[in-house]
Every structure is written in structure tokens, then in C-alpha cells.
Amino acid sequence: MAALSKSIPHNCYEIGHTWHPSCGVSFLHITGVALEESLKIYVPLYLIAAILRKRKLDYYLHKLLPEILQSASFLTANGALYMAFFCILRKILGKFYLWSPGFGAALPASYVAILIERKSRRGLLTIYMANLATETLFRMGVARGTITTLRNGEVLLFCITAAMYMFFFRCKDGLKGFTFSALRCKHGPRHRCCKHYEDNCISYCIKGFIRMFSVGYLIQCCLRIPSAFRHLFTQPSRLLSLFYNKENFQLGAFLGSFVSIYKGTSCFLRWVRNLDDELHAIIAGFLAGVSMMFYKSTTISMYLASKLVETMYFKGIEAGKVPYFPHADSIIYSISTAICFQAAVMEVQTLRPSYWKFLLRLTKGKFAVMNRKPLDVFGTGASKHFQDFIPRLDPRYTTVTPELPIKFS
């Protein structure tokens, strides 16, 4: 609570846009670089999606460009408006508090930005940011000693989530539109309770493993193709790593063992109990979740857990057991994004590294040149990873004498 009442008298130039003293110029600069990077992200993304979905010519002529511009505008607004509210909030408050440069500035910026994006994409963005914010809060708790980490906790979470998913999957109308193609059998029973015609239970499980191992292996190979071909002429030996990489086999083993354990356990329980029970899916799903030991991923575990909560929430709405909140996705998105921006400003060590790299890309490195040393007074270790950075500030526009004043002609 003491940290919440603390404040620093620095202005927004001294803390935020250290590269230029003007708030307006800094805002325009962030807008320009954010728009450029947003287009670089969304142009190939929408083109690939359109090709994979086999869109017709009419889509390319009339819908593709507006959709790209709308999504690019959303992402640009998220970055540019953060800069704007960062300065506005400082002018209103007259000081910086623990919450103001991160959460306070990002909350309104994110809310306005998400309203620009297409409604069909808001749900997915919300799930992603809620997942990221939850992980960030967890890391904050660990850093403060209020949360104790559990060994292989991501595996346990995945086991529980998988058990619930499999149970809902087996229930009648449990997960409408949610299917695992690798888990469905289109033929009649082999054993009285097993739903696979052509194979016995053992070959059924082995084929499932081989099929999904291949999928996982190929996915990792495809993800590594751009990196490998960039070094095709300088380091041709790196092409071998495209096929003989440990992560390729880890993802393959994860997916393959998940499917085979689930199928094998389900078959075993049918043989033992001589019946097909939906409750078998809970046991089989939980045991199948142990497969994550091959490919540990907090991101996957938390994303699926978040998606499960969302699914249960909407099923509760359909059943009339849970109230519907209008604009809930926009509110959750803005709060989640604000939490992540708070971490990016005050304690970047608690933020997922991939998201930090994304923020640096979106702002062309400007997020890293914030003056975080004065923020250390709040006790979050804001400058922990920026010890060697001292901004070149013009003393004519500062309220506090710079640490190393620079002479300006």
C-alpha cells in the first residue's frame, strides 16, 4: 500500500518519450512506426488466411484490404493511444504513481483500440490477452513471494484441462463445434464397447501415435523453415537442423503420446468395466495430459484453460445459469492488456519474453528506451534489465536534473 501512495515528479518526457521532448511529435512517431509494423504483420497474415480458406475473387477485390486496414488500425491505435494517454494522465495528475505509466495509460487506450477491431476477432484477442495477463500476474506473485511455484505445474494444469475437455467432448452436445479429428472414429465397434472397426485396440493406439507424431514433427519443421532458408547460403549446414531438431521430436512425442494414451486408456477401461462410460474420458484425458512432459508449455496450458473457462461460461449462458454481460470481451481485453503494459513498464522480467519482443517490434525499440531508473522507487525492480541505459535528456525540458546532463548548443 505504501508503494501506491508514492509518486515521482518527473514529466512524461523524462520517463516515457525520452527520444523527443514534444508529446505531439512522440505520438506521431509512435503512430507511424506502429502502423508500419502493423501492416507488416497483417498483410501476410490475411493473405495466407484467405488462400487457406480458398476465398473467391470477390473477397480479394472488396473485403481483403478493408479488413487488413481495420486490424492494422486497431493495433496502431493500441500503441499510439497508449503514448497519448501516458502524457495526458501525467498532465492531469501532475506526477507519476505506481499504476499510472503502465496500467492507467493502457486501460483507456486498449478499450478504444479494441472497439476499432472487427467483432469476429475480439473474442480471440481477448482470450489471448487474458491468458497472457493471468500468466503475468502469476509471475508477479512468484517474484513477490506470495505464490509458490509448483514443479511441473503447467503439466498438472494441462492434465486437469484435458480431463475436462475430454469429458465435455464425450457428453452429448458437450462441445458443439469443438472436435478433435484425431480422436473420432467413423466406423462401428471392434469390441462391443470400442468404436473402431478395422483395428484392434493395440494397432488403433499405435496408428494414433504415428499419425499425431507426424503432425507435430511437420509443424515444427514448417515453423523453422523461414529461419533455415535465411541462412541457406551463409550456413548451409543449418538446413539439417530443420529435420534433426530436438523440438521437432518433442512436439511430435507430445501430440502422439497424448492421443495414444487417451485412446489406450479409454479402450482399457471399456475392457475392464465392459461398458462405455462418459466418465472414462476424465481419467483418460487426465492421464493423456502427462504427455506434456515431452513438450512443457505454460502458454499452451493456460490458453487451453482460458478457452475452457470461456466455453463453460457460454454454455452457462445458454442454460440460463450465468448472466450475459454486454461488451465483456472488450472490457476483459482492455484490463488484460493494461496488466501486461504495467509489467512492461514496471517489471518487464515478469512479462512473457515473446510479448516483450512484440512490443519492441511494434514500437521499433522505443519501449526499451523509457527511463526506468526513477521508477525503482516503487520497489518493482523497473530498471533491473536496463541498468546500463541512461537517456540523453535535454535539461531545458526536464523537471529533475538528469543523471548525466548533456550540453546542447
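Scope of the values below: all heavy atoms of this structure, side chains included, with no hydrogens, waters or symmetry mates. When a residue number appears, it is its place in the shown sequence, counting from 1. None of these values were measured; they are calculated from a predicted model.
In plain terms, the two heavy atoms of F167 and I282 that are nearest each other are CB-CG1, 3.6 Å. When every heavy atom of I317 is checked against every heavy atom of P323, the shortest pair comes out as CG1-O, 4.2 Å. Taking every heavy atom of both residues into account, Y13 and R392 meet most closely at OH-O, 4.0 Å. When every heavy atom of T350 is checked against every heavy atom of R139, the shortest pair comes out as O-CD, 3.1 Å. Shortest non-hydrogen contact noted between S291 and F158 is OG-CE2, 4.4 Å. Annotation for H29 and W19: closest pair ND1-NE1, 4.0 Å, computed over non-hydrogen atoms.
No more than 12 heavy atoms of other residues, nucleotides or ligands lie within 6.0 Å of NE2 in H327, so this atom counts as exposed by the packing criterion. The number of heavy atoms from other shown groups lying within 6.0 Å of CZ (F294) does not exceed 12. More than 12 heavy-atom neighbours from other residues, nucleotides or ligands sit within 6.0 angstrom of CZ on F249.
Between M129 and Y355 there is a side-chain heavy-atom pair separated by less than 4.5 Å. Annotation: side chain of S301 is not in contact with side chain of T161 (no heavy-atom distance under 4.5 Å). At a threshold of 4.5 Å between non-hydrogen side-chain atoms, the residues R352 and T136 do not count as touching. You'll find the side chain of I127 stays beyond 4.5 Å of the side chain of I332, heavy atoms only. Side chains of S100 and R90 form no contact here, defined as non-hydrogen atoms less than 4.5 Å apart. Put simply, the side chain of S22 does not reach to within 4.5 Å of the side chain of H17, judged on heavy atoms. F386 has its side chain within reach of V348: a pair of non-hydrogen atoms, C-beta onward, lies under 4.5 Å apart. Side-chain atoms of L375 and T380, non-hydrogen and from C-beta on, never get closer than 4.5 Å to each other.
Put simply, CD1 on I114 and CG on N78 are 7.5 Å apart, with the number rounded to the nearest 0.5 Å. Distance check, rounded to the nearest 0.5 Å: CG of L308 to OH of Y303 gives 12.0 Å. Atoms OG and CG, from S336 and L125 in turn, are 11.0 Å apart once rounded to the nearest 0.5 Å. The CZ atom of R53 lies 12.0 Å from the CD1 atom of I48; values are rounded to the nearest 0.5 Å. In this structure, Y46 OH and K63 NZ are separated by 13.0 Å, a value rounded to the nearest 0.5 Å. Interatomic distance, OG1 of T76 versus CD of E37, reported as 10.0 Å (0.5 Å rounding).
Without hydrogens or angle criteria, S260 side chain to S257 main chain gives a donor-acceptor distance under 3.5 Å. In this structure a side-chain-to-backbone donor-acceptor pair under 3.5 Å is missing from N11 to C87. Between the side chain of T126 and the backbone N or O of D329 there is at least one donor-acceptor pair closer than 3.5 Å. With Y397 contributing its side chain and H20 its backbone, the two residues share no donor-acceptor pair below 3.5 Å. Although no hydrogens or angles enter the test, the distance criterion places a donor-acceptor pair under 3.5 Å between the side chain of T146 and the main chain of G141.
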Show your reasoning for whether side chain to side chain contact (heavy atoms under 4.5 Å, CB included) applies to M312 and V309. CA-CA 5 Å; M312 295 177 68; V309 172; 5.9 Å; no
Determine whether E14 and T399 satisfy the following criterion, side-chain hydrogen bond (donor to acceptor under 3.5 Å, both in side chains), listing intermediate values before the conclusion. CA-CA 8 Å; E14 293 170 284; T399 56; 2.6 Å; yes
Test D376 against S383 for side-chain hydrogen bond (donor to acceptor under 3.5 Å, both in side chains), laying out the working first. CA-CA 7 Å; D376 284 337; S383 68; 2.4 Å; yes
Under the side chain to side chain contact (heavy atoms under 4.5 Å, CB included) rule, what do I300 and M292 come out as? Steps first, then yes or no, please. CA-CA 10 Å; I300 293 175; M292 182 168 270; 3.8 Å; yes
Intermediate values then yes/no, side chain to side chain contact (heavy atoms under 4.5 Å, CB included), I8 and K95: CA-CA 6 Å; I8 55 175; K95 299 177 180 180; over 6 Å; no
Report the C-alpha distance between Y82 and V345 in whole Å, list the side-chain angles of each, state the deciding distance to 0.1 Å, and finish with yes or no for side chain to side chain contact (heavy atoms under 4.5 Å, CB included). CA-CA 12 Å; Y82 167 74; V345 174; 3.3 Å; yes
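Under 4.0 Å is where a charged nitrogen must lie from a carboxylate oxygen, and between R121 and E117 at least one such pair does. Here D394 pairs with R396 in a salt bridge; the nearest charged N to carboxylate O distance falls below 4.0 Å. Taking a cutoff of 4.0 Å between a charged side-chain nitrogen and a carboxylate oxygen, R273 and D277 qualify as a salt bridge. Ion pairing of K307 with E310 is present here, as a side-chain N (NZ or NE/NH1/NH2) and a carboxylate O approach within less than 4.0 Å. Note on R361 versus E36: no salt bridge recorded, every NZ/NE/NH1/NH2 to OD/OE distance being 4.0 Å or above.
For the residue pair Q70/Y42, the side-chain donor-acceptor check at 3.5 Å is not satisfied. Between the side chains of Y333 and S110, no donor-acceptor pair of N or O atoms lies under 3.5 Å. No donor-acceptor contact under 3.5 angstrom links the side chains of E135 and T298, judged on distance only.
Under the 30°/60° scheme for interplanar angles, the aromatic rings of F367 and W356 are found to stand perpendicular.
The distance between the ring centers of F103 and F341 does not fall below 6.0 angstrom. Less than 6.0 angstrom separates the ring centroid of F96 from the ring centroid of F86.
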